[in-house]
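Notes for the one structure printed next.
Every chain is numbered from 1 and lettered A, B, ... according to where its sequence line falls, protein lines coming before strand lines.
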Protein chains: 2
Amino acid sequence: MGDTAGTKTIPEEGLGALDEILGFHIRLAHNAVYRHFTETFADLGLTQKQVSVLWLIEDSDDIAQTDLGRRLQIDRATIMAIVNRLQSRGYVERSQSKTDGRRQTLHITPAGHDALQKAWTANRIHEEWLKSKFTPEEVDVLINFLRRIHD
Amino acid sequence: MGDTAGTKTIPEEGLGALDEILGFHIRLAHNAVYRHFTETFADLGLTQKQVSVLWLIEDSDDIAQTDLGRRLQIDRATIMAIVNRLQSRGYVERSQSKTDGRRQTLHITPAGHDALQKAWTANRIHEEWLKSKFTPEEVDVLINFLRRIHD
DNA sequence: TCGAGTTAGTATGTTGTGCGTACCATAATA
DNA sequence: TATTATGGTACGCACAACATACTAACTCGA
């Protein structure tokens, strides 16, 4: 161990200059949230993205992939992969759009609906864990700040 | 909603219930930051994680991988992969620790130092973009909030 | 001092995501 | 009609997170 002699000067805990970087804190926070999410959703085996997508599909039945991507700010190719996974699990289905031959409309299957029910419960726990770190007013402020970043 | 033609009721823009979820906003914000970071650092070809790690190694010369992981909250196997990439680029080197045979101490090469210099410039631009969305006081508040999440 | 348990590093493999590129079919338009 | 734009798809690459398993080195208690 770095004894008393001055040779080993490993800063014990600090993050140094990184601590000033806003982007860095966002990454760390996101990571922490991601980890807790994964834990909470371990039984379901769904990721954040998958739940978000599933959620939005249920919310807006017959939505197309492109719109999905637009709202969640996800690349066309990436949303494709996510929907594929959801589909191969039997949670969503694709069908042809009547009005536009290029489009595929997405909808939730009963199994997907069930998964979403469970996801809702898990998410309540997850959100409570997260929000418990703040007062309700602070939550509002924080969401407002974050919206400024991603809007 | 579907006032005009009735059949297609795709909510125009909203995120529905998702909009209430704090975790969801963190994800979106993180994503936006990630994208801008990638753009800004395109020339360098370094990721957020790589820069963070490089930075910390320079900051604390002879740090071990484990300590790195502890500070950045990154898994042992994951930090391994990151350091490998950095090493194969010639940005960092490993050497045996004198005091503990299990440990590898990490240090920056001149090439790594150069890369960090450029990263510093790129990061200034990136941070300015990010922080320009807030007043200095708000930045402090935000960092404080984020720290609560990841600490 | 010996042996059990812990810690650091490593290798390997899987999963999910993000993005680039290319291709095709179908609109939309000039 | 010819051209361009759009939506979906396939393929491939790079990264990251994590699990598992193994070795070597250290620590500590009986």
Side-chain angles (χ1 to χ4, degrees), chain A residues 1 10 27-28 30-39 41-42 44-54 62-89 91-106, chain B residues 10 27-28 30-39 41-42 44-54 62-89 92-106:
Chain A
M1 48 231 291
I10 297 185
R27 273 160 253 159
L28 273 191
H30 172 260
N31 250 292
V33 171
Y34 180 82
R35 272 196 306 277
H36 186 273
F37 185 102
T38 306
E39 255 178 68
F41 282 72
L44 258 175
L46 289 174
T47 67
Q48 293 179 334
K49 287 286 152 72
Q50 289 166 356
V51 173
S52 300
V53 167
L54 214 48
D62 280 350
I63 194 174
Q65 286 182 190
T66 308
D67 297 329
L68 218 44
R70 236 191 299 280
R71 288 196 213 169
L72 296 173
Q73 306 179 49
I74 296 178
D75 178 74
R76 201 154 104 252
T78 306
I79 205 84
M80 179 81 200
I82 295 174
V83 172
N84 278 346
R85 261 169 236 127
L86 254 20
Q87 190 183 27
S88 72
R89 285 215 194 181
Y91 289 173
V92 304
E93 282 175 343
R94 294 183 227 238
S95 33
Q96 298 288 336
S97 165
K98 293 290 177 192
T99 55
D100 187 334
R102 292 167 301 181
R103 285 176 169 249
Q104 301 271 333
T105 68
L106 301 171
Chain B
I10 297 183
R27 272 161 252 161
L28 273 192
H30 172 259
N31 250 291
V33 171
Y34 181 82
R35 273 195 305 277
H36 186 273
F37 185 102
T38 307
E39 255 178 69
F41 282 72
L44 259 175
L46 288 174
T47 66
Q48 293 179 334
K49 287 285 154 70
Q50 288 167 358
V51 172
S52 299
V53 167
L54 213 48
D62 280 350
I63 194 174
Q65 286 181 190
T66 307
D67 296 330
L68 220 42
R70 236 191 298 279
R71 287 195 214 172
L72 296 174
Q73 306 180 48
I74 296 177
D75 181 68
R76 201 154 104 252
T78 306
I79 205 83
M80 179 82 199
I82 295 174
V83 171
N84 278 347
R85 261 168 236 130
L86 255 18
Q87 190 183 27
S88 71
R89 286 215 194 181
V92 304
E93 282 175 345
R94 294 183 225 238
S95 34
Q96 298 288 339
S97 164
K98 291 292 178 191
T99 53
D100 188 334
R102 293 166 302 180
R103 284 174 168 252
Q104 301 270 332
T105 69
L106 301 170

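B/Tyr34 is not listed as a side-chain neighbour of A/His30, based on a closest heavy-atom distance of 4.5 Å or more. Using a 4.5 Å heavy-atom threshold, the side chains of B/Arg76 and B/Gln65 count as separate. Within the 4.5 Å cutoff, no side-chain heavy atoms of A/Gln73 are placed close to those of B/Asn31. Residues A/Thr47 and A/Arg85 are not in side-chain contact: their nearest non-hydrogen atoms beyond the backbone lie 4.5 Å or more apart. Between B/Leu54 and B/Val92 the shortest side-chain heavy-atom distance falls below 4.5 Å.
The CZ atom of A/Arg89 sits 11 Å away from the P atom of C/dT15 (whole-angstrom rounding). A/Lys49 places its NZ atom 9 Å from the C1' atom of C/dG18, with the value rounded to the nearest Å. Across the protein-nucleic acid pair, A/Arg27 atom CZ and D/dA16 atom P stand 11 Å apart, rounded to whole Å. Note: CG (A/Leu54) to C1' (C/dG16) measures 16 Å, nearest angstrom. Atom CG in B/Leu68 sits roughly 12 Å away from atom P in C/dT10 (whole-Å rounding). In this structure, B/Tyr34 places its OH atom 13 Å from C1' of D/dA17, rounding to the nearest Å. B/Gln96 places its CD atom 13 Å from the P atom of D/dA24, with the value rounded to the nearest Å. One can place CD1 of A/Ile74 at 14 Å from P of C/dG16, the figure rounded to the nearest angstrom.
Rounded to 10 degrees, the angle separating the terminal helix axes of the helix from C/dT1-D/dA30 to C/dA30-D/dT1, each built from five base pairs, is 20°.
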Reading 5' to 3' through nucleotides 4-14 of chain D, protein heavy-atom contacts under 4.0 Å coded B for base, S for sugar-phosphate only, - for none: --BBBBS----

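Atom CZ of A/Arg94 is separated from atom CD of A/Gln104 by 6.5 Å, given to the nearest 0.5 angstrom.
Here B/Lys98 does not pair with B/Asp62 in a salt bridge; the nearest charged N to carboxylate O distance is not below 4.0 Å. Look at A/Asp75 and B/Arg35 and you find no salt bridge, because none of the NZ, NE, NH1 or NH2 atoms lies under 4.0 Å from a carboxylate O.
Nucleotides of DNA chain C nearest to A/Asp75 and A/Gly101 differ in position, and the one nearer the 5' end is that of A/Asp75.
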B/Gln50/B/Leu44 under side chain to side chain contact (heavy atoms under 4.5 Å, CB included): CA gap, chis, key distance, verdict: CA-CA 11 Å; B/Gln50 288 167 358; B/Leu44 259 175; over 6 Å; no

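For C/dT17, one of the phosphate oxygens OP1 or OP2 lies less than 4.0 angstrom from a side-chain nitrogen or oxygen of A/Thr47.
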